[in-house]
Every structure is written in C-alpha cells, then in structure tokens.
Amino acid sequence: MAYDQQLQERFYELRNTIRQQLFSHLNVEQFKAVETGAGPVLCLAGAGSGKTMAMVNRILHLYIFGPIYNARPELSHGLNQEEIELMENWLKNSEEMGTRTLSPQVMRLINMEGIQPRSILAITFTNKAAEEMQSRLEALLGEKAREIWVMTFHKACVRILRREITALGYSSDFTIYDDYDHLQVIKKAIASLNLDDKKFTPRAISSLISRYKCELKEPADVLKKALDFWQEKGVQVYELYQKELKKNNALDFDDLITLTVKLFSEHQDVLEKYQKRFLYIMVDEYQDTNHAQYRLVNLLAEKHNNIFVVGDDDQSIYSFRQADIRNILEFERDFSRATLIKLECNYRSTQRILTAANEVIKNNTGRKQKVLWTQNPEGELLIQYRAADEKDEARFIGEKIFELGDKGSSYQDCAVLIRTNAQSRALEERFMKTGIPYRIFGGQKFYERMEIKDIMGYLKLLVNPSDSVSLRRIINVPRRGIGEATIQKIEGFAVEQGLSLYEAVDKYTEIDKSSKALKEAAGFVRFMEKIKEEAKDISITALTEKILTETGYIEGLTKDNTIESQSRLENLKEFLTVTNDYDEKTSEPSMSDFLSQICLVSDLDSYEDEQNTVTIMTMHMAKGLEFSNIFIGGLEEGIFPHSRSLMDDELEEERRLCYVALTRAKERIYLIYAKQRNLFGRRSYNLPSRFLEEIPLGLWEEYKRVSTFFETSYEANATSSKGTALMLDYVLGDKVEHKKWGQGVIVGTSGQGEEIELQVAFPGMGIKTVLARYAPLQKVQ
DNA sequence: ATCTTACCGATTTTT
DNA sequence: TCGGTAAGAT
C-alpha cells in the first residue's frame, strides 16, 4: 500500500476521532441528533433535555463535517506527516485538557464540504430563544455565525416580505399592526356592517379571523361554505377587515406568515430563490407551529428535504393561538423516512420532580410516549400547603422565600407561577409589605402603554401615510379640538374621492375651512409634512424628541404633574433609550425597520436574570425558563384547571401546562391551594386541583402550620434572626429610612402583634403600606 | 368636544 | 374587585 494512502487512511480515522471528541460532552441521543445532517429529523426533546445544546452543536457539525458524517470527501491536496501530527496533537491535548476549540489549522484540515452558515435557517418562537441560540453559535463558529438566519418566524417573514411583498400589491414600507391596532380595525368593520356588538364582540371576531388566517383561508374561500348567520357575518367582517388592512398598507401578525405563504405559493420564482438559499432548515418548539407556519416550513423544505424539527408534544400550550399539535404528531407521516430521536435525559430537575411531572402528564392520551429521567439526585419531597385564602397563600410563599434565603437561595432562584394574571395581586401586596424584591411579568406591556403607542403612532404615520389607524389615534393627541364628528366628515370625503384618510385631511381642509377643528387638522398635516422633511437629516432619537416637544406632548404631561403623568414621562424617556440604542447599534438605521423590530418584541425579551428579584409570572410565560425553587399558586379546580377549560374540554392542555410548570423547577416545588379566595369581588370555595391528586403520595409532604402557640414562637424566632426593627415602637410622625424608597414619614399604623402595618409616606412615591416585621426600615433621628 | 357616571364582564397571548 | 367602554351631562 502506498504511503500516501496510509496517510489518507490515518487522516480519515483522525478526523472522525476529532469529530467524536468535539461532541464528547453530549449524550448518545444528542449526538445522534447532531450528526444526522441530511433528511428529515423529528427530535422529541423533553423539558430540560438540552435541546438548544443539540441544535447549536448540530449547526457546528454541519459547518465542519457536512451533512453525511461518515462520508469521505475527496482530498483536494496531498497530505504530509506534519499535518497528521497536528491533528494527533490537538486530540491528545483535548483529551487531557478537555478543551474543545479547534485551532484554525486543524479546522482548515478537517473542514471539508461543510455547509455554509448562510444556507442554514433556524427558526424559533421567541426573540429570547433566538438571541440565546445566536450567541451560543457565535461562541462556537465566531464571525461566521452571523450569516445564519437565527430568528423567529415573524422576523424571518418580515425580512422576506420587505424585499418581495410588492409582488402581492403591498408596498414594502408596510406597517405592522399589533393586537391593539388590529382590534381597532375590527371594531370599525363591525360598526360599518351595523352589527350588534353584543353578539359580535371584537375579541370573538378576532379569533375567528385568526383561525381562518392560520388555516390559510381567505374570505372568498370561506364564503362558499355553509355557514350559520353568525359565521356568515363574521366572514363579512373578515373580508372588510382585510380590505381595510390593505388600504392602510398594513399587515397584522398572522399576515406576516400567511402572506409569505401566499407569496411562495403564487410566485414559484421567489420560492425557488429562498429554497436555493436555505438548504438546511431547523425549527424549534415545533409543537407550537400553526398550520400556516407548517405550510411555510414545508414549502421551503420540500426541495431538499433537509428539515430538522425539535419539539415536545407534552409542552404544547398554545392551541388557543391555533398551534396545531398534529404537526408534531404527524411529522413522520408527512416526511417519509424521517429519523426519530428522543431526548429523554433531563439535566435540570431532581428525580422526584421528574417523577411527579411524568405521573401528571401520563394522564393525557394521544401523546408520543416519553419518560424523562435524570442522573440528578432524588431531591427533596415536594411541599403541599393548604392555605386559608389567597392572602395566606401569599404569606406562606413569602415566608418560604425567606427560609430559602437562609438556606442559601437568592431571590432570583425563586419563581411564583400562576395561571391567571389576576392572581399576582395578593402576592404583590405581600411582597411589597414584607420587602421581598419581585418582578411581575405580564399585564400591561411596555409597548402597549398609551404614551408609547401615541409616539409610535406619529412615527408609523411618517413612514406610511396610508396608515389610518395611526392617524386616527394621533390626530387629536395632544388635544387639538378635533373630534369624532370632524373625522367622520373627512372620512366620508376620503371614501367619496378614493383617497387615504391622510390625503383626505389635506385636501378637505383646503376646501372647507369653516370650523376651528378643520383649521387645526390642516395645521396637523402641515406639521407632519414639515417633520417628514426634517426626518431626512436626523436620527430617530432626535426625530422622536422633536415630535414630543413640538406637539406639546411633553409639556402636557409635565403640567399634569400627577404620579401617573410622571410615570408616562419616565416611559417616554425609556423609549428614547430604545431609539438611541437602535441608532447606535444599527449600521443602516431605517424607521420602518425600527418600527417592525419593536412590534416583534415582548417584555420577556428584556428578562435579565442578573437582577436579584423573585419572578412572578404566568405558567405560559415561564416556558423555556428554569428556577431552583418553583411555587405554584392557586391549585384549585376552576383556577387551575381553569373553569373555562372544564367547559370547553381542554383539560389535556391544562395538564400540559401543569407539566410545563413542574418541569421549570430544578430543586424544589411548592404546591399551594386555598380553601377560599376572593374572585371577582366575591368569596369562592374551590376544591383542590385534580393535578394535586395526580401526583402520587410519597412524592410530597404536606406543610402544616403548627398551633398558634408554636406559630408565635416560631415566627418570633424567624424575626429575631432576621434582625428587623420589630421591637422598635413606631410612632406617627417618625422619620424612617427604607432600603429601596429612601426616607419617609410614618403617617399611619394598623393591625397588631406580628401583623403591625405601617403606612409610610415617601416623597414623590406616595404612601406605601409595609409590615413592620419584615420591611427593611430603619428609624432616622 | 370633553368630562362624568353607570354598567358589564372577567384565561392563557412566544409574535 | 377592577378596568374598560358606552351613553349622558356640561
């Protein structure tokens, strides 16, 4: 055998050993997922099974070794002994030191027929997941990683549509309507069809439209079908709604997906362009795809069939947003010869937590068989607590958080998961009183705040003058004395003349100058035109500031000088830091890009775990996160499972939600239910949740509050060990210093014994109620 | 045009 | 209970 051939044999052998070594930190299943490069793959990844690890490494594997791991690509040049030694040395070194970073020389040697990063499309559902994956890819691939499209469905679609949407008769400056804007259009459509808005609620119509869109059905497709009166009218609203959106050159969230599908279906050339580009497609959280997203992925993948989807049918909790669990259950039917890989080894939770989760989810039918296991220790028993009411529930949670603190947990290791946002109230009150730092996610979102929507209305209208929803929003904000009657008049004119609302304001105010309102409206258009001119030379931040001052928006809020107006000003300041960030970090800033970016983020995207606070959030929002200690509140029939799900036969989804909640925990779980709780202002008595019964005895123990006598001494101990200022007598008028709020004055006291409450007035922050026992207060002379 | 009061209705919401 | 919306008063 020739010497060259021996070298070659040695080279291939070494290359494969290096390959194994590079991924030696993965388990067998993860490695299989990583090295299966070509063809369709369904990866069922249980909670905490390291699926991001698998996805990221799979991309690395594709990049270095190409799609077929045991292929022997032709060598383009001869080999010499030195090169072989280089590889041997790397291996030796790696085995000894445990490093897995390739030197550039070794990389150059073994990287043959690897896949170009720009040919990879990796789809996630949240920006957070995308960012996480992106940064891990950059750590592995360096610069090259930026060429991979790692983004959400919606972002990818916006990118494609900005380039191609003219083929569908929209302009590429289209506006994205968020949920709120979308409801405005629906309301208008309902009104113009003279429908009874008691029967046709915007919410119901919205979900009807969304359902049709996700099924890729246009109004015309549905109209022929047999429909009852309500549905028939609903479709008419849908038709009108869609026309209005197009007139406004606006897309709603669903449109981003469905119009991309439409584009690909109707324009073969465009589809082929993207098929050619994206040779390898990966989809995260596949169980959450709806039909439109499923079509989109299939269209892109059907040419090369290199599609890798990861998901967990047991974590499908978004069916109310049209996520279709069948997409995952029937993947193997859709793609013949699909490889099935199950990741069942969990790296997150204790065995006991996993057993509890497995036992609960076992009660669901029609799922892919999957049992999580772990090498982690057995762990502590789950704790169950029967609270007297929601206040007692909050108190229990607060106390346990303090106790965990003594055991070495920080606040950020604790999360309270709830079913509905309304449950956060009692918790917030208690945490506030006892000085537990917390963050609540959910409820009013930053970009949905009035002042933010107002300023965005101005910006949107500048980019897209056809956007009549934004125009309507801001034409009288701040007050210009332009009311509904004036707008109606102009709107009539617009319809008559076939103009956009903005053009109509401009033209009509030239003809009719009869009222003060119309003069103001003319001034508004002049202002917008002036700003549009000036916008050309200044940054988005400068432009935003200009609008806020020149309209008198800031001035109005400053004059109000209420707590509310102050917080609005704060929010606007915050918005300006967002624009500033964008101005600085973007190479080619553009307003429409900025606006779509903002539309597509959620508050959770800004979640930073560096902050040492307890997290309160819904179980839905907690998906994908993990905490050492999880408290699940409101485990009562009617709350969780939610009463609505009991009626609508959606118990299995609730159970999946419970599974998601349980599998967030690394070490401890506290399960709390209350005998009674205030619900909608009335007291209600609920049975303990069925999910509690589904966790077998032996996995949990009940926490029982000891008798009053012991309770008192117990609490006194807890207090003294904390060293709070309990023993100090507070007197009205005393000056105190609070850790977070600074100096304040005691303006009231109430309660007795352990539960003495103080009302403290903090300048500029109003009056706060705190529990003397817990609050980080100190008397000031 | 805008402020005030009475009513209704009330999950979850990656984008 | 609270918050958002729709009709009535100024």
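The basis for the numbers below is simple: all heavy atoms, side chains too, and nothing from hydrogens, waters or symmetry mates. Numbered from 1 within each chain, the chains take letters A, B, ... in sequence-line order.
Listed pair A:Arg425 / C:dC2 meets the phosphate criterion, a side-chain N or O lying under 4.0 Å from OP1 or OP2. Remark: A:Asn127 is in phosphate contact with B:dT15, judged by side-chain N or O atoms under 4.0 Å from OP1 or OP2. Residue A:Asn476 places at least one side-chain N or O under 4.0 Å from the OP1 or OP2 atom of B:dT2.
For B:dT11, the base adopts the syn conformation, since its glycosidic angle falls within 90 degrees of zero.
A 6.0 Å sphere centred on CG of A:Asn561 holds more than 12 heavy atoms belonging to other residues, nucleotides or ligands.
In this structure, A:Lys128 fails the cation-pi test against A:Tyr607, since its NZ or CZ atom is not both closer than 6.0 Å to the six-membered ring centre and inside 45 degrees of the ring normal.
The closest donor-acceptor contact from the side chain of A:Asn464 to the backbone of A:Lys460 lies at 3.5 Å or more, if one exists at all. In terms of modelled atom types and a separation under 3.5 Å, the side chain of A:Asp389 and the main chain of A:Asp392 share a donor-acceptor contact. In terms of modelled atom types and a separation under 3.5 Å, the side chain of A:Ser210 and the main chain of A:Ser206 share no donor-acceptor contact.
Judged by atom type and distance alone, A:Asn678 does not reach the base of C:dT1 through any side-chain donor-acceptor pair under 3.5 Å. Below the 3.5 angstrom threshold, one finds a donor paired with an acceptor across the side chain of A:Arg321 and the base of B:dT15.
Nucleotides of DNA chain B nearest to A:Gly681 and A:Thr486 differ in position, and the one nearer the 5' end is that of A:Thr486.
You'll find the ring centres of A:Phe253 and A:His182 outside the 6.0 Å limit.
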Pairwise N/O distances under 3.5 Å, protein to nucleotides 4-9 of chain C:
none

